[in-house]
Number of protein chains: 2
Amino acid sequence: MPKDRSPTRIQKRNRANILEAALEVFSQNGFRGATVDQIATAAGLSKPNLLYYFPSKDAIFTALLSELLDTWLDPLREINPEGDPMAEILAYVERKLQMSKDMPRESRLFANEIVQGAPRMIEELSTDLRVLVDATETIFVDWMDAGRIARVHPRHLLFSIWSLTQHYADFEVQVRTLMTPDDPFDGASEFLETLYRRMLTPQS
Amino acid sequence: MPKDRSPTRIQKRNRANILEAALEVFSQNGFRGATVDQIATAAGLSKPNLLYYFPSKDAIFTALLSELLDTWLDPLREINPEGDPMAEILAYVERKLQMSKDMPRESRLFANEIVQGAPRMIEELSTDLRVLVDATETIFVDWMDAGRIARVHPRHLLFSIWSLTQHYADFEVQVRTLMTPDDPFDGASEFLETLYRRMLTPQS
DNA sequence: CAGACATTTGACCAACTGGTCAAACTCACG
DNA sequence: CGTGAGTTTGACCAGTTGGTCAAATGTCTG
C-alpha cells in the first residue's frame, strides 16, 4: 500500500482507474459476484498491483461507496425551502431522473447493495441520510402547512420520488424490454411531471 | 436425478423444501452470492443429496424463477376491463402492495435478477410479460378514451405502480431505516391511494 | 422378506478466489 | 547517472465452491 504522503502522479491515475473499474464491475455483478481479477483487468492492472493500492476487495467497495454517496445525494441538498414549492419539487424530480439517465451504474450499485440488506451501508443510511431526509421532510411539511402544496405523507412523497426515478436506471432491462421504442426514458419526464403536478396541486 | 415418473412422496417433500430454501437464500444473497451448501443446509439436506434432485445450482434457480413468475404476475391478470376503472386500478395497486408485504423474498429475488441485467429472464420478459403488458395497456387506453380516467402515458402508469409498490419490499432496509416507527408499510396504502386518485381523476 | 428401485452419504476433485511475498523493475531527484 | 523510494510482477497459498461417484442405506411392492 502506498505511503500516505501526497499521492504521486501514478497513484492518482491508478486509484482513479481502479474506482472507475470497480464501479463498472460491482454495479454489474454485485459485491459477491465481482472478482478482484475482473476489477484489476478492467483497470489495466494485475491483481497484486491492484492490491498494492487497496488492501482488500472490501476496501475498494467501501471507498467507492463513500466516494459516490455524496454526489448521489446532492440533488436532495439543492431543494430550496425559499423557492416555489411545486417548482422545487418538480426540479428535484427532474434532477433525479437525469441522474438515473447519466449515472445508471451508480444507481444500480446502491440498488444492489440495498436489496441485499445494505450490510455495508446501514451506518451511513441511519446517520447522514437520516439527517438529510428529516430536513427535507420539514421543508415539505412547512409547504403543506402553508397550503402551497396538497397534503400527503411527506416521507412517502420522498420515497415515491426515489422509487419512480431510480426505477428507470435500476430496472432498465425490464423497462427497455417493454418499451416501444426501447428508450426507457422516453416520456418519463412528462409522465412524472404530470403525476406530481396533479398529486400536489392544492385542492380548492 | 430422480426418474421422471410420477414423483414419490419423498421427491415431492424434498423438491418443495429445496425451492423454499432456495428462495430464502437466493433472495438474500443473489445468484452468485448463494452457495449450494447454504441451500442444502437450509433445506435439511446434504449437498450431494440436493444435487440428486436438481442437476446444478443454475437449474435450481431457473426452476424457482419459472415457478414464481406466474404467481407474481397474477394480480395483473385480475384487472377487469369491465369494472370501474378507478376502482380496478386502486385494487391492483393494493394487491401489489399486499404482495410486497407478504412476499418480500420473491420481490427481491426478481429485483436482484433484473438489476443485474436479468441474464436468466430476458426470455420470459420479452414474451410472456410482454403480452400481458400490451393487454393491460389496451385496457388503460380504452378507459382513457372513454374519459373515465385522466389521460397519462399508459405504460409509464403501469411502471409507476410496479416501482412504487415493489419499492417497499426491495428497498425495505432503506425504507425501514428512515421510517419512524420503522414499519415500512405504515401509511403506504393511503399514500398510494391518494396519489393514484389525484393523478387519474378525470379533469372537469 | 427378497429384490428392485429410490435416496443418502463421505470422500474426492478441479476450478476459482482473495490475498501474500520476495524479487524485479521504474521513476524522480540530487 | 546513481540511489532510494515507489511500482509491478510471477509464483504461490489456503479456503471455498460447484459438482462427481461409488458405495451404503432406506423404502416399496410382489
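Predicted, not measured: the structure shown is a model, and the values here were computed from it. So that the names make sense, note that chain A is the first sequence line, chain B the second, and so on, each numbered from 1.
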Lys/Arg N to Asp/Glu carboxylate O, A:Asp145 vs A:Arg151, below 4.0 Å = yes
For D:dT9, take OP1 and OP2 only and decide whether either is under 4.0 Å from a side-chain N or O of A:Asn49.
-> yes
Those residues of residues 17-27 of chain B lying under 4.0 Å from DNA chain D by at least one heavy atom = none
May I have the list of side-chain donor-acceptor pairs in residues 79-88 of chain A shorter than 3.5 Å, sequence neighbours left out?
{"residue": "A:Asn80", "atom": "OD1", "partner": "A:Glu82", "partner atom": "N", "Å": "2.9"}
{"residue": "A:Asp84", "atom": "OD2", "partner": "A:Ala87", "partner atom": "N", "Å": "3.1"}
{"residue": "A:Glu88", "atom": "OE1", "partner": "A:Asn80", "partner atom": "N", "Å": "2.9"}

Got a sec, which residues hit side chain to side chain contact (heavy atoms under 4.5 Å, CB included) with A:Ala59, two or more places apart in sequence or on another chain?
-> A:Pro55, A:Ser56
Is there a donor-acceptor contact under 3.5 Å from the side chain of A:Tyr196 to the main chain of A:Ile161?
-> yes
Rounded distance in Å - CG (A:Leu45) to C1' (C:dT26) = 15 Å
Run the salt-bridge test on A:Asp58 and A:Arg120 with the 4.0 Å N-O cut-off and return the result as yes or no.
-> yes
Counting just side-chain N and O atoms, does A:Thr8 come under 4.0 Å of either OP1 or OP2 of C:dA28?
-> no
Would you say D:dT8 has OP1 or OP2 under 4.0 Å from some side-chain N or O of A:Tyr52?
-> no
Anything under 30° is parallel, anything over 60° is perpendicular, the rest tilted; go ahead and classify B:His167 against B:Phe171.
-> parallel
Euclidean distance, atom CG of residue A:Asn29 to atom C1' of C:dT17 [Å, nearest integer] = 14 Å
For residues 67-79 of chain B, pull every pair meeting salt bridge (charged side-chain N to carboxylate O under 4.0 Å, His left out), keeping only residues two or more places apart or in separate chains.
-> B:Asp70-B:Arg77, B:Asp74-B:Arg77, B:Glu78-B:Arg95
Ignoring backbone atoms, test whether B:Gln11 places a side-chain nitrogen or oxygen under 4.0 Å from the OP1 or OP2 oxygen of C:dA6.
-> no
Rounded interatomic separation in angstrom, taking CD1 from A:Ile10 and P from C:dC29 | 11 Å
Between B:Lys101 and B:Asp183, is there a side-chain N and carboxylate O pair less than 4.0 Å apart?
-> no
With respect to the phosphate group of D:dT9, does any side-chain polar atom (N or O) of A:Ser46 fall under 4.0 Å of OP1 or OP2?
-> yes
Restricting to pairs with a member in residues 22-48 of chain B, which pass salt bridge (charged side-chain N to carboxylate O under 4.0 Å, His left out), not counting sequence neighbours?
-> B:Glu24-B:Arg105
Sugar-phosphate or base contact per nucleotide [nucleotides 16-21 of chain D; S, B, -; heavy atom under 4.0 Å] | -SBBBB
Spacing between B:Arg13 atom CZ and C:dA6 atom P, to the nearest angstrom | 16 Å
Looking at B:Asn14, does any N or O in its side chain come under 4.0 Å of the phosphate oxygens OP1/OP2 on C:dT8?
-> yes
Specify the separation, in whole Å, of atom NZ of A:Lys12 and atom P of C:dC27.
-> 18 Å
Distance check: side-chain N/O of B:Arg9 vs OP1/OP2 of C:dA6, anything under 4.0 Å?
-> no
